[in-house]
There are 2 protein chains.
Amino acid sequence: MLPPEPGRVPRTEEELLTRVRMLAGYTIGQLAERLGRKVPEETRRAKGFFGQLLEPVLGATASSRSTPDFERLGVEMKTVPMSKVGVPLESTYVCTVGGAGLETRGDLDWGTSRVRHKLCRVLWVPIQGDPTIPLADRRIGAAVLWTPDENEEQLLRRDFDELMEYVRLGRWQELTGHLGAVLQVRPKGDSGGAQAWGVDDEGRRAKIPARGFYLRPAFTGGAIRNALNRSRQTPSA
Amino acid sequence: MLPPEPGRVPRTEEELLTRVRMLAGYTIGQLAERLGRKVPEETRRAKGFFGQLLEPVLGATASSRSTPDFERLGVEMKTVPMSKVGVPLESTYVCTVGGAGLETRGDLDWGTSRVRHKLCRVLWVPIQGDPTIPLADRRIGAAVLWTPDENEEQLLRRDFDELMEYVRLGRWQELTGHLGAVLQVRPKGDSGGAQAWGVDDEGRRAKIPARGFYLRPAFTGGAIRNALNRSRQTPSA
DNA sequence: CTGGATCCAACTCTGGATCCAG
DNA sequence: CTGGATCCAGAGTTGGATCCAG
């Protein structure tokens with residue numbers, strides 16, 4: 001049976017984990033067929049395909065805006081393309097970088113930031129990412145649930161505070177992908193053009209290029225390994 | 001020739017008027033055919049059809065957001081469905097009603113409001129509105145350019161100030177279509193459901209039903225007549 | 001008659017991410 | 001390798017208005 005009870009919202013983390021682990025070993029093509037969906041030929045033209053395929057299967061509140069994928073559980077799902085040797089090939093998108101004003105003031109402080117909320121409980125779902133494997137033939141890996149430990153949270157917070165200092169000062173131009181040891185800020189959206197509201201260096205509202213927070217691949221890789229190790233010691237988490 | 005130089009942006013009001021007047025007497029069906037577009041069978045299913053058909057013909061900066069239809073000229077185009085006896089059958093939509101907070105503060109004062117900006121120069125395009133005439137057979141009338149005279153502006157402003165007082169106080173529930181002698185506020189959008197951001201009576205941001213400003217039919221009718229009379233006295237405007 | 005309800009097209013915005021030149 | 005550029009789906013919003021029950 002693949003997948004079990006499709007579309008039903010999982011009530012507990014264990015139910016969610018059980019369900020996603022039943023998918024391990026299957027290919028994207030098999031999962032898509034089960035759902036009556038066609039796999040795009042070019043990965044380049046369907047970058048979010050696997051993530052969007054998985055959401056309804058696992059019972060995520062599909063495409064709800066700005067809420068965790070599994071709202072009741074407070075769990076965020078992230079698919080991670082892995083290389084042949086088991087390390088993430090890409091950075092992981094977290095959320096957009098808000099402006100310094102108005103509705104998004106809470107985003108400047110780590111404690112109330114969307115970054116922290118998004119990352120407080122994550123379901124990592126590894127997927128083969130080797131570009132030589134056709135999309136339909138890539139296999140799903142063993143998912144793990146993760147919460148940052150003290151060390152991980154400190155790493156994230158340190159970068160976050162540094163990055164937000166640029167936002168506070170309106171120094172958007174200096175806020176590049178080079179900053180941050182584990183968390184970085186990069187452009188988001190399909191043109192690099194003006195797409196988001198921000199605050200310029202004189203405090204006025206202005207259109208600026210949309211940007212997002214991303215986890216560097218090494219951090220995501222470590223998070224997945226740590227989650228695996230911890231689950232071996234505490235089988236039910 | 002129908003229409004002249006389709007798609008080109010008019011450089012002067014005279015050029016715009018000349019162009020739109022060449023359409024007078026033609027039917028919607030003839031205009032649509034000239035553009036290779038099909039006329040919907042049901043008016044009910046294509047409420048904005050004529051207005052959207054006309055925009056590219058006249059060289060409006062199509063569907064640009066929140067700017068005048070003819071940006072360079074500062075001219076707003078409005079189609080008006082007329083009865084057999086030559087009076088407007090429907091109210092005329094002006095713009096949305098903004099909330100009382102943040103980005104839209106300027107909307108509370110007549111001088112800086114979007115209502116005033118939208119109405120400071122309008123190209124009225126009459127169209128037969130009699131529901132017994134099939135959409136494709138309805139004829140285009142003689143368009144006129146209009147600017148509110150002192151009396152008209154005072155009428156508008158009086159209503160506007162009254163209506164905005166309700167917004168300032170967050171008394172949205174009392175802001176109904178019954179208010180306003182020539183300018184009213186009515187629901188906008190396709191469900192009456194929560195669709196816009198506003199400010200509730202305790203000053204918090206909240207979702208409220210989307211609303212818009214509308215000109216009552218009698219006012220629009222008078223505006224068109226006045227514009228006609230004035231253009232007889234001053235032929236070039 | 002008319003105030004509340006409704007309809008479509010097009011563009012924007014968000015959430016899902018991967019591509020690829022240097 | 002990796003930082004900047006880019007791609008898709010689907011919800012949301014705006015601008016174009018008219019419908020229609022009471």
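Within every chain, numbering begins at 1; the chains are lettered A, B, ... in the order of the sequence lines, protein sequences first and strands thereafter. Worth knowing before you read on, the calculation uses all heavy atoms, side chains too, and leaves out hydrogens, waters and symmetry mates.
Phosphate proximity of D/dG15 to B/Gln52: absent, as no side-chain N or O sits under 4.0 Å from OP1 or OP2. Contact annotation: B/Lys188 does not reach the phosphate of D/dT14 (side-chain N/O to OP1 or OP2, under 4.0 Å).
Rounded to a whole Å, the CD atom of B/Gln173 is 17 Å from the C1' atom of C/dG3. A straight line from NZ of B/Lys118 to C1' of D/dG16 spans 10 Å, rounded to a whole angstrom. If you take CZ of A/Phe50 and C1' of D/dA9, they are 17 Å apart, rounded to a whole angstrom. As a whole-Å value, the separation of B/Leu215 CG from D/dG16 C1' is 15 Å. Across the protein-nucleic acid pair, B/Leu183 atom CG and C/dT2 atom C1' stand 16 Å apart, rounded to whole Å. For the pair A/Leu89 CG and D/dC1 P, the interatomic distance rounds to 10 Å; values are reported in whole Å. Taking atom CG on B/Asp190 and atom P on D/dT13, their separation rounds to 12 Å, with Å as the unit. Taking atom CD of residue B/Glu174 and atom P of nucleotide C/dG3, one finds them 17 Å apart after rounding to whole Å.
For B/Arg171, the salt bridge (Lys or Arg N to Asp or Glu O under 4.0 Å) partners at least two apart in sequence or on another chain are B/Glu174. With sequence neighbours excluded, the residues forming a side-chain contact (heavy atoms from CB on, under 4.5 Å) with B/Pro126 are B/Met82, listed by chain and number. Partners of A/Lys118 by salt bridge (Lys or Arg N to Asp or Glu O under 4.0 Å), not counting sequence neighbours, listed by chain and number: A/Glu76. For the side-chain contact (heavy atoms from CB on, under 4.5 Å) test, residues two or more places apart in sequence or in another chain that qualify with B/Pro40 are B/Ala46, B/Phe49, B/Leu135. Evaluation of the salt bridge (Lys or Arg N to Asp or Glu O under 4.0 Å) rule for B/Arg72 yields no partner, not counting sequence neighbours. In terms of the salt bridge (Lys or Arg N to Asp or Glu O under 4.0 Å) criterion, residue partners of A/Glu165 (sequence neighbours excluded) are, by chain and number, A/Arg168.
In DNA chain C, the stems built from three or more successive Watson-Crick or G-U pairs (distances below 3.5 Å) are C:1-22 with D:1-22.
Each of B/Lys207 and A/Thr176 was matched to the nucleotide of DNA chain D holding its nearest heavy atom; the match closer to the 5' end belongs to A/Thr176. Between B/Arg45 and B/Leu175, the residue anchored closer to the 5' end of DNA chain C is B/Leu175, taking for each the nucleotide with the nearest heavy atom.
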When you compare the protein's N or O atoms with those of nucleotides 18-22 of chain D, which come within less than 3.5 Å of each other, and at what distance?
residue, atom, partner, partner atom, Å
D/dT18, O2, B/Lys47, NZ, 2.9
D/dC19, N4, B/Glu90, OE1, 3.2

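Side-chain contact, A/Arg186 with A/Thr176: no donor N or O sits under 3.5 Å from an acceptor N or O.
At a threshold of 4.0 angstrom between heavy atoms, the contacts of B/Glu76 are confined to the sugar-phosphate backbone, with no base atom among them.
In this structure, B/Glu42 places its CD atom where more than 12 heavy-atom neighbours from other residues, nucleotides or ligands lie under 6.0 Å away.
For B/Arg216, the side-chain atoms get nearest to C/dG3 when compared with the rest of C/dG3, D/dG16, D/dG3. The side chain of A/His178 has D/dG4 as its nearest neighbour among C/dG16, D/dG16, D/dG4.
Sorted by first and then second residue, the pairs that involve residues 124-144 of chain B and meet salt bridge (charged side-chain N to carboxylate O under 4.0 Å, His left out), not counting sequence neighbours, are B/Lys84-B/Asp130.
B/Phe160 has its ring centre less than 6.0 Å from the ring centre of B/Phe213.
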